[in-house]
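Working notes, beginning with the structure itself.
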Amino acid sequence: NWVQKCLLTVGGKPMLEWWLDAAFDSEMFRKVFVNVHHHADQVQEWLIGYENRTGRYVHVIDERDSLLGTAGTLYVHGERSSDFMSAYTDTFSWKLLSDLRYFVKLWKQQKNEVMGGLIGFKPPEDGSASAIDTDALGRVIAFREKAEGGSVAWAGVLFSRGTFLSMLRADEKDLAHETLPRLKRH
């Protein structure tokens, strides 16, 4: 518990660095934001080093004083005029990160009436991942946090239209626990 999870090393560099490199290398994003709360000083210090090494600027959302959560951060800081990607950078997938540009292009090709897209993977059998069930067209029909038996696990990556932000509620903190299950019901 002495190091922020996103700074754990995988394949020779921190998970956060893999995510940032994939986002910047995709050349699909105008801005990249990182939300800091737990071990914020560690993450900010690392980000300064990253910016100095790479010349890539990362916008920091500092939530040390008040944790807004994934939904709250998007509610307060999201740009309603822009499509966006939200990712939990303490998760890791070689395939997802190496194909991020492809996934972003695929998302941008979707019709505007498609509000959001989730990246999924084969779930572990121990139920340690959020389960999403889909219909024959790939639309989400059920979303269960940390549940066994789902056909697909959520990778913590959401592609969405800026208009999705208007559907968020000021009192919601977590996309996985509150927002996505609520929106699925409608």
Side-chain angles (χ1 to χ4, degrees), residues 1-10 13-24 28-54 56-93 96-97 100 115-119 128-132 140 143-147 153-186:
N1 214 11
W2 53 272
V3 67
Q4 175 58 21
K5 191 173 167 185
C6 68
L7 295 180
L8 293 174
T9 301
V10 176
K13 60 185 184 180
M15 286 188 284
L16 180 56
E17 186 167 353
W18 286 103
W19 276 105
L20 292 173
D21 287 348
F24 283 113
M28 303 298 271
F29 302 99
R30 288 184 301 110
K31 296 178 186 175
V32 175
F33 295 85
V34 171
N35 174 321
V36 297
H37 176 70
H38 186 64
H39 294 303
D41 290 337
Q42 256 182 27
V43 176
Q44 283 193 290
E45 182 178 326
W46 184 89
L47 285 169
I48 290 167
Y50 178 82
E51 290 172 353
N52 290 336
R53 279 190 326 277
T54 65
R56 295 169 160 175
Y57 180 72
V58 178
H59 301 267
V60 174
I61 299 172
D62 191 334
E63 294 188 2
R64 274 181 269 220
D65 294 333
S66 176
L67 179 63
L68 298 174
T70 51
T73 298
L74 290 173
Y75 181 83
V76 172
H77 299 285
E79 294 182 14
R80 283 153 176 77
S81 61
S82 300
D83 288 1
F84 66 93
M85 179 187 83
S86 171
Y88 295 1
T89 60
D90 62 355
T91 62
F92 188 84
S93 162
L96 173 60
L97 292 168
L100 187 60
M115 183 63 66
L118 304 175
I119 300 289
S128 62
S130 298
I132 53 177
V140 175
F143 189 94
R144 294 171 282 126
E145 179 68 13
K146 305 286 190 260
W154 183 37
V157 178
L158 166 71
F159 292 99
S160 191
R161 306 282 177 229
T163 53
F164 171 83
L165 299 172
S166 65
M167 300 174 77
L168 297 175
R169 293 182 180 165
D171 63 334
E172 289 179 334
K173 284 189 170 249
D174 193 272
L175 283 173
H177 287 98
E178 298 169 289
T179 307
L180 294 177
R182 176 181 58 81
L183 292 177
K184 168 33 206 110
R185 289 191 294 269
H186 295 341

Margin query: Could you measure the distance from the CG atom of L47 to the CG atom of L7? Nearest 0.5 Å is fine.
Written below: 8.0 Å
Note to self: Looking at D171, I want to see if its CG is surrounded by more than 12 non-hydrogen atoms of other residues, nucleotides or ligands under 6.0 Å.
What the structure shows: yes
Margin query: Just verifying a value: how many Å separate D21 CG and L16 CG, rounded to the nearest 0.5 Å?
Written below: 9.5 Å
Next item on the list: Can you measure from CG (L74) to CG (L158) and round to the nearest 0.5 angstrom?
Entry: 7.5 Å
Note to self: Counting only heavy atoms from other residues, nucleotides and ligands, does the tally under 6.0 Å from NZ of K173 exceed 12?
What the structure shows: yes
Next item on the list: Using atom types as modelled and distance alone, determine if a side-chain donor or acceptor of Q4 lies under 3.5 Å from a backbone N or O of Q42.
Entry: no
Notebook entry, point to check: Do the rings of F84 and F164 sit parallel, tilted or perpendicular, given the 30° and 60° boundaries?
Noted result: tilted
Note to self: Counting C-beta onward and ignoring hydrogens, is there a side-chain heavy-atom pair between F159 and D83 closer than 4.5 Å?
What the structure shows: no
Notebook entry, point to check: If you look at every heavy atom in W46 and P14, which pair is closest and at what distance?
Noted result: NE1-CG, 3.6 Å
Checklist line | Distance in Å, C6 SG paired with W19 CH2, rounded so as to fall on 0.5 Å steps | finding: 12.0 Å
Note to self: I want to check something: taking the side chain as every heavy atom from C-beta on, are T89 and M15 in contact at a cut-off of under 4.5 Å?
What the structure shows: no
Next item on the list: Go through the steps for H39 and V3 under the test side-chain contact (heavy atoms from CB on, under 4.5 Å), then give the verdict.
Entry: CA-CA 7 Å; H39 294 303; V3 67; 5.8 Å; no
Note to self: Any heavy-atom pair between the side chains of L100 and M28 that's under 4.5 Å?
What the structure shows: no
Margin query: With a 4.5 Å cut-off on side-chain heavy atoms, are K31 and E79 touching?
Written below: yes
Item checked: Check against salt bridge (charged side-chain N to carboxylate O under 4.0 Å, His left out), E178 and R169 -> CA-CA 10 Å; E178 298 169 289; R169 293 182 180 165; over 6 Å; no
Next item on the list: Can you see which heavy atom on A22 is nearest to which on L97, and at what distance?
Entry: CB-O, 3.7 Å
Item checked: For F33, ring-ring contact (aromatic ring centres under 6.0 Å, His included) partners two or more places apart -> H59
Next item on the list: Could you check if a side-chain atom of T70 sits within less than 4.5 angstrom of a side-chain atom of Y88, using non-hydrogen atoms only?
Entry: yes
Item checked: Backbone N/O of L68 and side chain of E63: donor-acceptor pair under 3.5 Å -> yes
Notebook entry, point to check: Do the numbers put R80 on top of the ring of Y75, so that NZ or CZ is under 6.0 Å from the six-membered ring centre and no more than 45° off the axis?
Noted result: yes
Checklist line | From E172 atom CD to L180 atom CG, the distance as rounded to the nearest 0.5 Å | finding: 9.0 Å
Next item on the list: List for me each residue that meets side-chain hydrogen bond (donor to acceptor under 3.5 Å, both in side chains) alongside S86, sequence neighbours excluded, and say none if there are none.
Entry: none
Item checked: Residue pairs passing the salt bridge (Lys or Arg N to Asp or Glu O under 4.0 Å) test where at least one lies in residues 36-52, sequence neighbours excluded -> D41-R64
Next item on the list: Flag the pair V76 / I61 as yes when at least one side-chain heavy-atom distance between them is below 4.5 Å, and no otherwise.
Entry: no
Note to self: Quick check for you: to the nearest 0.5 Å, what is the distance between H38 atom NE2 and K5 atom NZ?
What the structure shows: 11.0 Å
Checklist line | Evaluation steps, side-chain contact (heavy atoms from CB on, under 4.5 Å), between L20 and R56 | finding: CA-CA 9 Å; L20 292 173; R56 295 169 160 175; over 6 Å; no
